[in-house]
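Just so it is clear: chains get the letters A, B, ... in the order the sequence lines come, proteins before strands, and each one is counted from 1. Note that the coordinates shown come from a computational prediction; the quantities given were computed from them, not determined experimentally.
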Number of protein chains: 2
Amino acid sequence: MAANSRLTIAAHALAWLELARRRGREVLTSDEVAASVNTNAVIVRRSLGDLQRAGLVTARRGNGAGFSLGRPAGEITLLDVWLAVSPEPLLALHSSEPNLQCPVGRGIRPVLTDLYDEATEAFRAALARSTVTGVLERILE
Amino acid sequence: MAANSRLTIAAHALAWLELARRRGREVLTSDEVAASVNTNAVIVRRSLGDLQRAGLVTARRGNGAGFSLGRPAGEITLLDVWLAVSPEPLLALHSSEPNLQCPVGRGIRPVLTDLYDEATEAFRAALARSTVTGVLERILE
DNA sequence: ATCGAATGTAACAAGGACAGTTGCTTCCGG
DNA sequence: CCGGAAGCAACTGTCCTTGTTACATTCGAT
């Protein structure tokens, strides 16, 4: 499958929001974000909608509206972003139940679930080590 | 997205091959593996074809043919299996190039590539800690 | 009170990934 | 040379993702 680029879009938007804030612009429209990410404004609104539901950004409607960070960029980790935009698990079990007559079919699912959870946890822990501030500083270096 | 279940199918097949081997059957047909996984024999052949290309199983054709393990089950890690069946990266960058006029658009890609590599490496390291033998023993407990 | 700018959201199309299925070809032991 | 099994190509149906258009909703400014 074409792997998810949702984390990329969301992280890009947040870094851009933080840079704009440092430059004195607290609020950006979805059009302005879309211009930097180079995609459609609706895509941005969908993505930032996820982030808003997680409290990572706030959206104001009406005239002069737009998006701003929901909390300091140094307190938003990539894991927060990942959890906000990516509900799907990294690894899936069988799409149809295995044969329970077979010892392997009977016992494999809890074992794999366990191992998949460990791998997913390691993945998440790595994402938790970066913040939006960290990403932006590395960009600006 | 419906997450990949390819690792699940391949790990299941390998565990079943190893259990059969312990019971004195060195070779299983794709039909026999498919019966345990509860899927189509072609799906199994496709999956075991990937494993064969990676040297994890061997396939014999002709009458009385089938699949057997390519090396000891204790020397096959889930990472080996993952690498054999899943060429796609876990995380993707932008599907279309970001706006290079913007400082964020210009600098974000190497930063994210780096962070994604770290998270992917953590994920892989976790998979590398389990072997087919380990999976099977936990199933049989 | 109205206007306009922006979010929110639904509907849709194109493209790709995946599981599953059928049918045919190739291989090779007996 | 026969038959069983892998290999493989083509096709279907389903789902996800990106992108697009269109419209309803919200709300500050005038």
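Remark: B/S95 is in phosphate contact with D/dG19, judged by side-chain N or O atoms under 4.0 Å from OP1 or OP2. Distances shorter than 4.0 Å separate some side-chain N or O of A/S5 from OP1 or OP2 on D/dT18. Taking only side-chain nitrogens and oxygens, B/N40 never comes nearer than 4.0 Å to OP1 or OP2 of C/dA19. Remark: A/S30 is not in phosphate contact with C/dA6, judged by side-chain N or O atoms under 4.0 Å from OP1 or OP2. Residue B/T39 has no polar side-chain atom (N or O) positioned under 4.0 Å from OP1 or OP2 of C/dT21.
Looking at residues 42-51 of chain A, you'll see A/V42, A/R45, A/R46 sit with a heavy atom under 4.0 Å from some atom of DNA chain C.
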Problem set entry | Pair A/S36-A/H12, side-chain hydrogen bond (donor to acceptor under 3.5 Å, both in side chains): steps then yes or no | CA-CA 8 Å; A/S36 172; A/H12 186 145; 2.7 Å; yes
Problem set entry | side-chain hydrogen bond (donor to acceptor under 3.5 Å, both in side chains) between B/T58 and B/S68, intermediate numbers included | CA-CA 5 Å; B/T58 61; B/S68 39; 3.2 Å; yes
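Computed from coordinates, the B/R60 CZ to D/dG4 P distance equals 17 Å when rounded to whole Å. Rounded to whole Å, atom C1' of D/dA6 lies 12 Å from atom CZ of B/R53. Going from atom CG of B/N4 over to atom P of D/dC15 covers 17 Å, rounded to whole Å. Distance, B/H94 NE2 to D/dT18 P: 12 Å, rounded to whole Å. Atom CG of B/L7 and atom P of C/dA19 are 12 Å apart (whole Å). The CG atom of A/D31 sits 14 Å away from the C1' atom of C/dG8 (whole-angstrom rounding). Whole-Å rounding puts the B/L17 CG to D/dA6 C1' distance at 14 Å. Rounded to an integer number of Å, the gap from CD of B/E88 to C1' of C/dA17 is 8 Å.
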Pairs under 3.5 angstrom only: tabulate donor-acceptor contacts from the side chains of residues 103-111 of chain B to other protein residues two or more places apart or in another chain.
unit_1	atom_1	unit_2	atom_2	d
B/R106	NE	B/L100	O	2.8
B/R106	NH2	B/Q101	O	3.2

Sequence neighbours left out, cut at 3.5 Å: what donor-acceptor pairs do the side chains of residues 116-126 of chain B make with other protein atoms?
unit_1	atom_1	unit_2	atom_2	d
B/Y116	OH	A/T8	N	3.3
B/Y116	OH	A/T8	OG1	2.8
B/T120	OG1	B/Y116	O	2.8

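No option in B/I9, B/V37, B/L48 other than B/I9 meets the side chain to side chain contact (heavy atoms under 4.5 Å, CB included) test with B/I43.
Checking D/dT18, C/dA6, D/dG7 against every side-chain atom of B/F67, the shortest atom distance belongs to D/dG7.
The existence of a salt bridge linking A/R21 and A/E18 is confirmed by a sub-4.0 Å separation between a basic side-chain nitrogen and an acidic carboxylate oxygen. Remark: B/D114 engages A/R138 in a salt bridge, criterion side-chain N to carboxylate O under 4.0 Å.
Residues A/I139 and A/L19 fail the side-chain proximity criterion, which asks for heavy atoms closer than 4.5 Å.
Residue-level contact check: B/Q52 touches the backbone only, with heavy atoms under 4.0 Å from sugar-phosphate atoms and none from bases.
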Pull out every protein N or O sitting under 3.5 Å from an N or O of nucleotides 28-30 of chain D, one pair per line with the distance.
unit_1	atom_1	unit_2	atom_2	d
D/dG28	N2	A/N63	ND2	3.4

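Applying the salt bridge (charged side-chain N to carboxylate O under 4.0 Å, His left out) rule to pairs touching residues 30-47 of chain A yields A/R25-A/E32, sequence neighbours excluded.
Partners of A/T131 by side-chain hydrogen bond (donor to acceptor under 3.5 Å, both in side chains), not counting sequence neighbours: none found.
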